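Note on naming: letters A, B, ... go to the chains in the order of the sequence lines (proteins, then strands), and numbering restarts at 1 for each one. Bear in mind the structure is a predicted one, so any value in this text is a computation, not a measurement.
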Protein chains: 2
Amino acid sequence: MKTNVTMKDIAEKLNVSSVTVSKALNDKDGVSDELKEKIKSLAEKMGYRYNTMAKSMKDGRSYNICVVIPERFTGMTQSFYLKVYQNITQILEERGYYGIIHILPNEDEDQLRLPRIYHERRVDGFIMLGQPSRAYSDLMQTIDMPLVFLDFYDENGDVDAVITDNFYGAYELTNYLIQQGHKDIAYVGNLFSTSSIQDRFLGYYKSLLEHKITLKDDYVIKDRDDRGTYVDMEFPKQMPTAFVCNCDQVAHLLMEKLQKSGFKVPEDCSVVGFDNDIYATLTSPNLTTVEVDIEEMAKNAVKFICEKMDDPNATFGRVAVKGKIIFRESVKNIK
Amino acid sequence: MKTNVTMKDIAEKLNVSSVTVSKALNDKDGVSDELKEKIKSLAEKMGYRYNTMAKSMKDGRSYNICVVIPERFTGMTQSFYLKVYQNITQILEERGYYGIIHILPNEDEDQLRLPRIYHERRVDGFIMLGQPSRAYSDLMQTIDMPLVFLDFYDENGDVDAVITDNFYGAYELTNYLIQQGHKDIAYVGNLFSTSSIQDRFLGYYKSLLEHKITLKDDYVIKDRDDRGTYVDMEFPKQMPTAFVCNCDQVAHLLMEKLQKSGFKVPEDCSVVGFDNDIYATLTSPNLTTVEVDIEEMAKNAVKFICEKMDDPNATFGRVAVKGKIIFRESVKNIK
DNA sequence: CTGAAAGCGCTTACAG
DNA sequence: CTGAAAGCGCTTACAG
């Protein structure tokens, strides 16, 4: 099998022009069905493989979309982001695009270095998956390419973003806890770390407000510093009966700490998480949590980026995709 | 900022030819230093970005290496493989290449469908990360492209492979258990699932042989079916004092089962794992395990694939990279 | 229905 | 030190 079969090779064998071969292989008009079949089967026989690079050169597109994930998220919720990426590539594939993952090293983020892939024109657009530093997010916005934020949004910028409906997710979860008789409910998360954590907090807070429950100062428990590194959590003096955690991993950490301190879940304290990721079923009892609709999020992100490639002025704003509560065993009815 | 600045644009502004611009930007001989500097700074000012595709077309290389990971591994040890991928891209980058991850869907694996990326000539070589089905691995070998297996090898084929030294890792770990006074040591893993699991078993077995300890039939405990799906593990009638698990995740599952059945680790049973991945520190007590030298493995895989691109006949055979035992709290000295 | 010509942005080999 | 010519493999727009 020759390594480099081109359209021209096929054309010569059949005594036609390479234009005709191109048309046939791309199922375009202007070739008789008979000839088309002949060309296709010969291409197959000769082991012809389409050269995307040539097409790319022609129309100035790489047909690649870069999915950028800050390095520090790969340790944290790697299973989640990898799944998101998987969904993205699948959907991109339907549109003839390819998804390329780029793990953004902490150093590059600090130094404000854009991915080499950008400087080399290997991609047509960026999906930023997971919130980078403010400066880096600003930098991304100076790029003359379609950009979509996924799973976070930027407070000031007007970048199109697809996010989980963090606010309502946490709101509904907290409502559920209150229905189960809980009144002393703490929130676990650093409010200044990411927009998701902040919005989940606000949903929790809205639920408290609606039920006329006062938010106590020490009922917001810090789980990490502003860069995202976990810190030891401090229990409030008066223990709550339930904890709303900003994510499943933190719920997992919290449950470990509770159990080490002699508290039983859910007998003494109920715990809920967010994400329904690997940590949700790694804890025992398994976590009641919010399942993020990954497929829907990926679909939206891909749709936005593709439409922006065709029309650079297209904007979509902030789209929140609804999640769904998964009921498990980490909550006790204390009525 | 114009979106599409080419070498020609730069050349025209400076009244030179694009050949000169090309030479200058690539730091080649044949341009005066003065002109070179002028060109470089103008390129910077005009926001010039190199068009890799054009170069690719010229010399028939995409400068992409595809890292293929079977889908079922992404759930299992995702953290590990993502780290490996990260290392690979970093090292590839030093050589001017880019690493593209491709998660191989189960369906494509069954249907023996090669990645689209291959048919579209978007890559110059493949690193297969994680063992696919036998048929798929055979299929990969029919491809006219450099191929390196990473973290597994094929029994029959003669594909170059970089693996952890599973055999000696498990051997040394088992020796350690025996030094701590253990004699009733079970192995946890399906011997027919992957070559790693098999080799780790053999290392364990060698240690038993050397210490004249008989291998009992029911001391090999099945953890998954042949496709890799976990099954409920069955304890042997007479409980061992120690378990050698084929990986940390399985050690984690085992410890959960032990603790549910009322056994304490390490008081009643010692447990060791392999990989030193996220699960090693997710268990309590933390696992004594073998840390895989990811960087060294990635380095080798990249070196092999690059040299094979330059010389398709280059072969390297099977290279086993030594790991290192990490001592934690899951083993008790029972002497 | 079929094909000759031109071009995408770069590089190589050669001439001056 | 500098550049004109040709070519990588395809597609588009046009002519027949």
Discussion item. Using the side-chain contact (heavy atoms from CB on, under 4.5 Å) definition, which of the options Val16(A), Val19(A), Thr20(A) pairs with Val31(A)?
Written reply: Thr20(A)

Output a table of donor-acceptor pairs, distance under 3.5 Å, between side-chain atoms of residues 125-134 of chain B and any protein atom two or more places apart or on a different chain; print 'none' if there are none.
residue   : atom : partner   : partner atom : Å
Gln131(B) : OE1  : Ser195(B) : N            : 3.1
Ser133(B) : OG   : Tyr136(B) : N            : 3.1
Arg134(B) : NE   : Asp138(B) : OD1          : 3.3

Worksheet entry | First of Val16(B) and Ala54(B) reached from the 5' end of DNA chain D, by closest nucleotide | Val16(B)

Worksheet item: Between residues 25-44 of chain A and DNA chain D, which residues have a heavy-atom gap below 4.0 Å?
Response: Asn26(A), Lys28(A)

Worksheet item: First contact, last contact: which nucleotides of DNA chain D are these for chain A, 5' to 3', heavy-atom distance under 4.0 Å?
Response: dG9(D) to dT12(D)

Discussion item. Whether Asp27(B) and Lys40(B) form a salt bridge (side-chain N of Lys/Arg under 4.0 Å from carboxylate O of Asp/Glu) is what I want to check.
Written reply: yes

Worksheet item: Going from OH on Tyr81(A) to CD1 on Ile103(A), what distance comes out if it is rounded to the nearest 0.5 angstrom?
Response: 13.0 Å

Item to complete: Convert the base pairs of DNA chain C into dot-bracket notation, remembering that pairs crossing earlier ones are written with [ ] and that bases paired across to another strand are shown as |; include only Watson-Crick or G-U pairs under 3.5 Å.
Response: |||.||||||||.|||

Discussion item. Taking side chain to side chain contact (heavy atoms under 4.5 Å, CB included) as the definition, give me every residue that meets it alongside Asp59(B), ordered by chain and number, with sequence neighbours left out.
Written reply: Lys55(B), Arg61(B), Tyr63(B)

Discussion item. Within a 6.0 Å radius of atom CG on Asp158(A), are there more than 12 heavy atoms belonging to other residues, nucleotides or ligands?
Written reply: no

Practice prompt. Please round to the nearest 0.5 Å and tell me the distance separating atom OG1 of Thr89(A) and atom NE2 of His102(B).
Written response: 8.0 Å

Discussion item. Among residues at least two apart in sequence or on other chains, which ones pass salt bridge (charged side-chain N to carboxylate O under 4.0 Å, His left out) with Arg95(B)?
Written reply: none

Item to complete: Measure from the side-chain N and O atoms of Arg318(B) to the backbone N and O of Ile163(B), and report whether any donor-acceptor pair falls under 3.5 Å.
Response: no

Worksheet item: With nearest nucleotides of DNA chain D determined for Ser17(B) and Met57(B) from heavy-atom distances, which residue corresponds to the more 5′ nucleotide?
Response: Ser17(B)

Practice prompt. Salt-bridge test for Lys38(A) and Glu34(A): reply yes if a basic N is under 4.0 Å from a carboxylate O, no otherwise.
Written response: no

